[in-house]
Amino acid sequence: MEISGLRGQALRQSRQAAIPLRSQKPLRAACRRPQVATQAAAGGSKNVLLLGGTRFIGVYLARQLIEEGHQVTLLTRGKKPVTFKIPDDTDASFASYEKAIQHIAADRSEHEGFKQAISGKGFDVVYDMNGREAEDAAPVLDALPDIEQYIFCSSAGVYLKNDQMPHREEDPTDQKSRHKGKLDTEGLLSSKGVNWTSIRPVYIYGPLNYNPVEEWFFQRIAAKRPIPVPGSGMQVTQLGHVKDLADAFRICLGNSKAYQQVFNISGERFVTFDGIAKACAEAAGAPEPELVHFNPKSVEIPKGKKAFPMRDQHFFASVDKAESVLGWRPQFGLVDGLRDSYEKDFGRGTMRKEADFTADDVVLQAVKH
Amino acid sequence: MSGLSFTSASAAVQSAGSPSFLGCTHALRSRVQGQRRATQLRVVSERVLIANTKGGGHAFIGLHLAEQLLQAGHEVTILNDGDEGKQTKKAPYNQYASLKEKGVQIVWGDPSQPEVLPSTDFDVVVDNNGKTLEVCKPLIDAFKGKVQHYMFVSSAGAYNANSVEPMHVEGDPRKSSAGHVAVEQYLASEGLPFTIFQPLYIYGPHTGKDCEQWFIDRVIRDRPVPIPTPGMQLVTLTHVEDVASMIAAVPGNQKAIGQTYNICSDRQVTFDGMTRLTASALGKTPQIHHYDPKAVGLGKGEGFPFRTVHFFASSDKAKRELGWQPKHSPAADIGSLVEAYKQSGRDKADIDFSVDDKILSASK
């Protein structure tokens, strides 16, 4: 079955990817079944409002939704162009996307103007990709009281640190976490009687990523520098490809099994800190990197600089709820996913940030003594 | 096994009557409609042979599996390795009298000499004994072509350790030199209708091997707990009832034939975390002492009950394909495990802490 456009391309490319780090992949074979179509696609197209997410997740999600025949409106402040060609576009797919996508320019923080801009447009479903606090969601709910579904991009960062892992959706959350606003938003949605769905990603990666996840590693690999890793490097975390995440968001559309539910979304496998470095090198076609383990307590990192891009702790979540309830499964494994990011983005020399090795040099000096 | 109604099956078992079913005909088979799960099961009363080991972490699987199979309406025989007089003095074998009362036939003998069995009329064989082809082969050969289902309780320890993606998933590379792997390959090459299980560490009632007890021994006596550095290694600890329930779910399930399943909890704990959970259950402050086993000059397996790398696995395949769900986790169970420890009187026992002392003085 020929799957067109962006998803088809991603599927074909992931099939062509070289053998990943683990020499087996029974999961890969299972993943190659056709993408799960949304129930909405079967039932008819939806009028979708996408709030934010026009830099990363939403870029892929909007394309997927349009391909599935839905009407999609992006809401941004309008400071940057909302339609731009991405590495996964073909000329044809971008042309049809550009033609179909709609846009409203408004500022979420200016509540009255914002509410006016979105009401009366017949939106069926809202994807809230950039809401941070409950106050961000409240005006949306006020303006659209009859919305069929509110799908929210939360974060697995809300989970309370736990001696038992992985994080599961029913686990206690941390009222003191810096993602507390996401928790408050979930609470508000739950109290309002709207059909809501909350997605909690772990670390997201993929072409166009503006957070220094894989970019940090690729920069050091490109510079042939040793990679500083705090502690033992055995810390276990999890990377999820942005296209798989977008896919999960898409599958929730009009899906009653997703109503009033929270789903962790990320890669199926967990990875150590040492492992991310090695996988990035493999994805970049580079030799195995030199890893320098350091004790974060005995190195003074200059203020404002980070010695490592991730929280120094185990941080991973089970995705089996989304798999069993939604029928979602990630298409990318770790190395082929990183290879996709490398080949479409960072390996082309495109970076979001200039490489900054200040903290690295401090660590390397400290470790010598 | 909740939710399955076996009135006619249990009637059949009862009318088969007495413990000495050997020699009696097996016309008694009743079909019972199973509860709808991931796959629609029609559960037939099977004649199950469990070949059981004489010690180690797997030993009590046989006991719990027998109990669950009985509840599901199957007929159970255990062929247990070792000497009856010697074995029945300790757990789990000291519970076998109650199994006998429930109709389980227990034969004492070496499973690598299956001729000790009075009969080979079984539908299902579960090898919870062998770790090498030498020991397992005779049993496989005796039942090849005769059983509907041949199950092997293998070990997740035979997966290659992977420092990049440490969680073991079915199909991952296994240690080619491992005895278990040779058995798995033989089952496949001989064309048996097999299901292979990969368990990890197991805890629960009537165990023959310490698991959580190691932590409780130290915390309850206010001793420091020596943990191989860095202490954040993740380990899966699984309750024996969850292990038994997965194996017991398989007889009669055609989809499980030719498959391998990890049997484990869907939760992991770190070494430090297990210490904290234990301390919390005892109302004590944990004293964690990290050390490097190599620097202290310990032998392999000395000083700590678990292997010192990450050792955890995914049981998502069993959840998807068998409709199995674990009911336990270490955090949920630690309270009752601590109670069981105290009730056994072990808190008053003299424990040998000489290796601990060696570690503590060498790694100050």
Side-chain angles (χ1 to χ4, degrees), chain A residues 20-30 161-168 170-172 230-239 267-282 288 291 293 295 312-314 316-324 327 329 333-335 338, chain B residues 38 159-174 228-237 259-260 265-280 286 290 292 308-310 312-321 323 325-326 329-334:
Chain A
L21 205 60
R22 296 188 86 96
S23 58
Q24 53 64 49
K25 271 296 181 187
L27 289 177
R28 302 291 303 140
K161 206 169 168 192
N162 201 321
D163 280 327
Q164 243 182 192
M165 298 294 281
H167 293 303
R168 297 183 65 84
E170 60 269 22
D171 284 356
S232 63
M234 291 179 81
Q235 299 88 323
V236 175
T237 187
Q238 189 181 13
L239 267 53
E268 266 179 359
R269 298 263 198 173
F270 313 124
V271 60
T272 60
F273 284 0
D274 282 358
I276 299 175
K278 292 180 189 177
C280 283
E282 163 131 357
E288 204 172 299
L291 304 178
H293 295 108
N295 181 352
D312 186 4
Q313 61 179 71
H314 288 315
F316 57 103
S318 172
V319 298
D320 75 10
K321 180 181 174 184
E323 292 190 335
S324 60
R329 273 192 96 170
L334 180 65
V335 173
L338 288 168
Chain B
Y159 282 114
N160 285 346
N162 188 305
S163 63
V164 174
E165 290 178 306
M167 184 174 70
H168 299 301
V169 177
E170 295 87 349
D172 284 355
R174 289 172 68 71
T229 194
M232 59 152 51
Q233 295 90 320
L234 288 156
V235 64
T236 306
L237 305 176
Q259 298 297 327
T260 297
S265 169
D266 57 8
R267 300 286 207 170
Q268 303 97 44
V269 281
T270 61
F271 296 168
D272 287 354
M274 189 59 189
T275 311
R276 286 190 286 263
L277 286 173
T278 305
S280 175
H290 291 137
D292 178 357
T308 58
V309 293
H310 286 308
F312 62 106
S314 167
S315 49
D316 284 356
K317 181 179 173 183
K319 283 184 183 179
R320 268 196 307 270
E321 295 186 11
Q325 286 288 333
S329 72
D333 289 341
I334 191 67

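Just so we're on the same page: letters track the sequence lines, and every chain starts at 1. This is a predicted model, so every value here is computed, not measured.
Using modelled atom types, one side-chain atom of A/Gln164 and one backbone atom of B/Ala331 make a donor-acceptor pair closer than 3.5 Å.
Looking at B/Ser329, both its backbone and its side chain come within 4.5 Å of chain A, counting heavy atoms on both sides. Both the backbone and the side chain of A/Val271 come within contact range of chain B, with heavy atoms under 4.5 Å apart.
Partners of A/Asp312 according to the side chain to side chain contact (heavy atoms under 4.5 Å, CB included) rule, which considers only residues two or more places apart in sequence or in another chain, are A/Pro230, A/Gln235, A/Phe273, A/Pro296.
No other option in B/Asp272, B/Leu234, B/Thr229 has as many heavy-atom pairs under 4.5 Å with chain A as B/Leu234. Contact count versus chain B (heavy atoms, under 4.5 Å) is highest, among A/Ser324, A/Pro166, A/Ala277, A/Gly233, for A/Pro166.
Atom NE2 of B/His310 is separated from atom CE of A/Met234 by 4.0 Å, given to the nearest 0.5 angstrom. Of the inter-residue distances, the one linking A/Asp320 atom CG with B/Gln325 atom CD reads 7.5 Å to the nearest 0.5 angstrom. The CD atom of A/Gln238 lies 10.5 Å from the CD atom of B/Glu165; values are rounded to the nearest 0.5 Å. Distance check, rounded to the nearest 0.5 Å: CD of A/Gln313 to OG1 of B/Thr270 gives 12.0 Å. Note that CZ of A/Phe316 is 5.0 Å distant from CD of B/Gln268, once rounded to the nearest 0.5 Å.
Looking at heavy atoms from C-beta onward, A/Lys278 lies in side-chain contact with B/Ser163 at the 4.5 angstrom threshold. A 4.5 Å side-chain heavy-atom check between B/Val164 and A/Arg269 finds every atom pair outside the cut-off.
Shown here for B/Asp266 and A/Arg168, the closest heavy-atom pair between the two residues is OD2-NH1, 3.3 Å.
Between B/Asp316 and A/Arg329, no side-chain nitrogen of the basic residue sits less than 4.0 Å from a carboxylate oxygen of the acidic one, so the salt-bridge criterion is not met.
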